[in-house]
Amino acid sequence: MTREWTTKSFKSGNSMALRVPAAVGIAPGEEWRLVEDGDGYRLEKVDRPKRKFNIDKVWGIGRDSGMQLIKPEDRVFEHRPLLWDDPDWLERNGLTE
């Protein structure tokens, strides 16, 4: 069983475009190839390869550089005074209750 649709071409910027009816089932963002076939044209869907993330490239960056993970005792920070810890600063800026 062959399905058939009629559509019109129109100018879109410097290109010619075809409005495809929703009943055809083409999702937005799909890539298609237009092939000249004898006295007509044929549309072919372009299959994009699925993108893969290679975690080895991320984990392997520092492997041979001698880098090491930070030790827990090196993650301790010394306390430093902050402006909002100073009651005089809070009062000068109208932030007290």
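Residues: numbered from 1 along the sequence shown.
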Does any N or O in the side chain of Asp85 come within less than 3.5 Å of the main-chain N or O of Pro81, such that one atom is a donor and the other an acceptor?
no
Remaining members of the apolar cluster that contains Ile26, side-chain heavy atoms under 4.5 Å:
Trp5, Val20, Val24, Trp32, Leu34, Tyr41, Leu43
With clusters defined by side-chain heavy atoms of hydrophobic residues (ILVMFWY) lying less than 4.5 Å apart, directly or transitively, does Leu95 cluster with Trp84?
yes
Taking only residues at least two apart or on different chains, which pairs with a member in residues 14-27 satisfy salt bridge (Lys or Arg N to Asp or Glu O under 4.0 Å)?
none
With clusters defined by side-chain heavy atoms of hydrophobic residues (ILVMFWY) lying less than 4.5 Å apart, directly or transitively, does Leu82 cluster with Trp89?
yes
Contacts satisfying salt bridge (Lys or Arg N to Asp or Glu O under 4.0 Å) that involve residues 86-96 (not counting sequence neighbours) are none
Who clusters with Val76? Use side-chain heavy atoms, under 4.5 angstrom, across I, L, V, M, F, W and Y, and order the result by chain and number.
none
Does anything in residues 35-50 pair up under salt bridge (Lys or Arg N to Asp or Glu O under 4.0 Å), and if so which pairs, sequence neighbours excluded?
Glu30-Lys45, Glu31-Arg48, Arg33-Glu44, Asp37-Arg42, Arg42-Glu44
With clusters defined by side-chain heavy atoms of hydrophobic residues (ILVMFWY) lying less than 4.5 Å apart, directly or transitively, does Leu90 cluster with Leu83?
yes
With a sphere of 6.0 Å drawn around CD of Glu78, does it hold more than 12 non-hydrogen atoms of other residues, nucleotides or ligands?
no
A quick test of your reading: do over 12 heavy atoms of other residues, nucleotides or ligands sit less than 6.0 Å from NZ of Lys11?
yes
When Ile, Leu, Val, Met, Phe, Trp and Tyr are grouped by side-chain heavy atoms lying under 4.5 Å apart, directly or through other members, which residues fall in the same group as Phe77?
none
